[in-house]
Amino acid sequence: GIHSCWTLEDGRNIVKRARPGANVVLMGAGFIGCIILEALASRNINLTVIEMDDRMVPRMMDQVAGNLIKDWCRKKGVNVYTSTRVEAIQKDGSSGEGLKVQLSNDESIEADLVISATGVAANIKFLEGSGIETDFGIMVNDRLQSNNPDIYAAGDVCQGKDFSTGEYNVQAIQPTAADHGRIAAMNMVGRDTKKNKKRKLKK
């Protein structure tokens, strides 16, 4: 079947089906996807990972680091497809309960289990017509201000400049969200604070 991995019960269902020798397809190679990947790789299964971006962990790693992770996975016997999308998942009539996963590169993969770890999308629909600038999230500057200087955004909903690439991305991971909350709060109370600014180490 097809399973997400949000709850403990989801995890238990995946463990039941990820038996040795099973063909497993993992959709998504982000931060959470790679945690799932590491656990699955130790279970002696035939694992294939599909990532639509051009590298693994794209919101945290640049091209070089992402490809290092990809090479490590392949050495562990994990098949990795990047720049590839899952176009369709169908029942495989020839194998009873099996599935056939159709990829954007015209390949198809047989699977006993498909796990979705494709991440989340920011809920910004309520801002339509508000004048707040959005893309994949709420666009912010390095003080986490939106285009309205009295409105701030932090965490999974905001889209800001990635210091490592210069691109504007949503960085939907917990450590970033915690840092965003601190920076937004400091600016709201008048203490000018920028993200991506190096902190001085205490002696």
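Everything numeric here is computed off the predicted structure, so don't read it as measured data.
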Exercise. If we only count heavy atoms from C-beta on, is the Asn187 to Leu144 side-chain gap below 4.5 Å?
Worked result: no

Problem set entry | Name of the residue among Arg19, Arg17, Lys16 meeting side chain to side chain contact (heavy atoms under 4.5 Å, CB included) with Leu113 | Arg17

For this session: Specify the closest pair of heavy atoms between Pro149 and Asn147, including all atoms of both residues, with the distance to one decimal.
Result: CD-O, 3.6 Å

For this session: Treat each ILVMFWY residue as a node, draw an edge where side-chain heavy atoms are under 4.5 Å apart, and state whether Val86 and Ile2 are in one component.
Result: yes

Seminar exercise, completed: Taken to the nearest 0.5 Å, the spacing of Leu26 CG from Cys5 SG works out to 9.0 Å

Seminar exercise, completed: NZ (Lys76) and CD (Glu38) are apart, to the nearest 0.5 Å, by 9.5 Å

Exercise. Taking all non-hydrogen atoms of both residues, which atom of Asn46 and which atom of Gly21 are closest, and how far apart?
Worked result: ND2-O, 3.3 Å

Problem set entry | Salt bridge flag under 4.0 Å for residues Arg143 and Asp192 | yes

Problem set entry | pair Ile50-Thr48: side-chain heavy atoms closer than 4.5 Å | yes

Exercise. Are Ile89 and Val25 joined in one hydrophobic group, where the rule is that I, L, V, M, F, W and Y side chains link up if heavy atoms are under 4.5 Å apart?
Worked result: yes

For this session: Show your working on side chain to side chain donor-acceptor pair (under 3.5 Å) between Thr7 and Asp10 and close with a plain yes or no.
Result: CA-CA 5 Å; Thr7 67; Asp10 290 336; 3.3 Å; yes

Problem set entry | Val78 to Ala41 - nearest heavy-atom pair and separation | CG2-CB, 4.3 Å

Exercise. Given the rule in the side-chain contact (heavy atoms from CB on, under 4.5 Å) test, do Asn79 and Val49 qualify, once you have shown the distances and angles that lead to the verdict?
Worked result: CA-CA 6 Å; Asn79 297 315; Val49 179; over 6 Å; no

Please list every donor-acceptor pair under 3.5 Å in which a side-chain atom of residues 120-140 meets a protein atom from a residue at least two apart or in another chain.
from, atom 1, to, atom 2, distance (Å)
Ser130, OG, Leu127, O, 2.5
Ser130, OG, Ile132, N, 3.2
Asp135, OD2, Gln159, NE2, 3.0

Exercise. Are any side-chain N or O atoms of Thr193 and backbone N or O atoms of Arg191, one a donor and one an acceptor, separated by less than 3.5 Å?
Worked result: yes

For this session: Please examine the side chains of Met61 and Leu68, heavy atoms only from C-beta on, and report whether any two atoms are closer than 4.5 Å.
Result: no

Problem set entry | Inter-residue atom distance Ile14.CD1 - Ile115.CD1, 0.5 Å rounding | 4.0 Å

For this session: Look at the side-chain heavy atoms of Ile, Leu, Val, Met, Phe, Trp and Tyr, link any pair under 4.5 Å apart, and say whether Trp6 and Val15 land in one connected group.
Result: no

Exercise. Closest heavy-atom contact between Val101 and Ala111?
Worked result: CG2-CB, 4.2 Å

Exercise. Do Met52 and Leu47 share a hydrophobic cluster (ILVMFWY, side-chain heavy atoms under 4.5 Å, transitive)?
Worked result: no

Exercise. Side chain of Gln102, backbone of Glu107: donor and acceptor closer than 3.5 Å?
Worked result: yes

Problem set entry | CD on Glu110 to NZ on Lys100, rounded to 0.5 Å | 6.0 Å

Exercise. Does the Asp62 side chain pair with the main chain of Ala65, one donor and one acceptor, at a distance under 3.5 Å?
Worked result: yes

Exercise. Is the side chain of Asp54 donor-acceptor paired with the backbone N or O of Ser83 at a distance under 3.5 Å, no angle test?
Worked result: no

For this session: Mind checking the CE-CG spacing from Met188 to Asp150? Nearest 0.5 Å is all I need.
Result: 10.0 Å

Exercise. Going only through I, L, V, M, F, W and Y residues with side-chain contacts under 4.5 Å, is there a path from Val157 to Tyr168?
Worked result: no

For this session: Tell me, yes or no, whether the heavy-atom count around Glu87 atom CD, taken from other residues, nucleotides or ligands under 6.0 Å, exceeds 12.
Result: yes

Exercise. How far apart are the C-alpha atoms of Met27 and Val114, what are their side-chain angles, what is the distance that settles it, and do they pass the side-chain contact (heavy atoms from CB on, under 4.5 Å) test?
Worked result: CA-CA 7 Å; Met27 298 189 299; Val114 175; 4.1 Å; yes

Seminar exercise, completed: For Ala154 and His180 the tightest heavy-atom approach is CB-CB, 3.5 Å

Exercise. For the residue pair Cys34 and Ala29, what are the closest heavy atoms and their distance?
Worked result: SG-O, 3.7 Å

Problem set entry | Interatomic spacing from CZ in Arg85 to CG in Asp53 - rounded to 0.5 Å | 9.0 Å

For this session: With the side chain counted from C-beta on, respond yes when Arg55 and Thr82 share a heavy-atom pair under 4.5 Å apart, and no when they do not.
Result: no

Problem set entry | Side chain to side chain, Met56 and Leu37, heavy atoms closer than 4.5 Å | yes

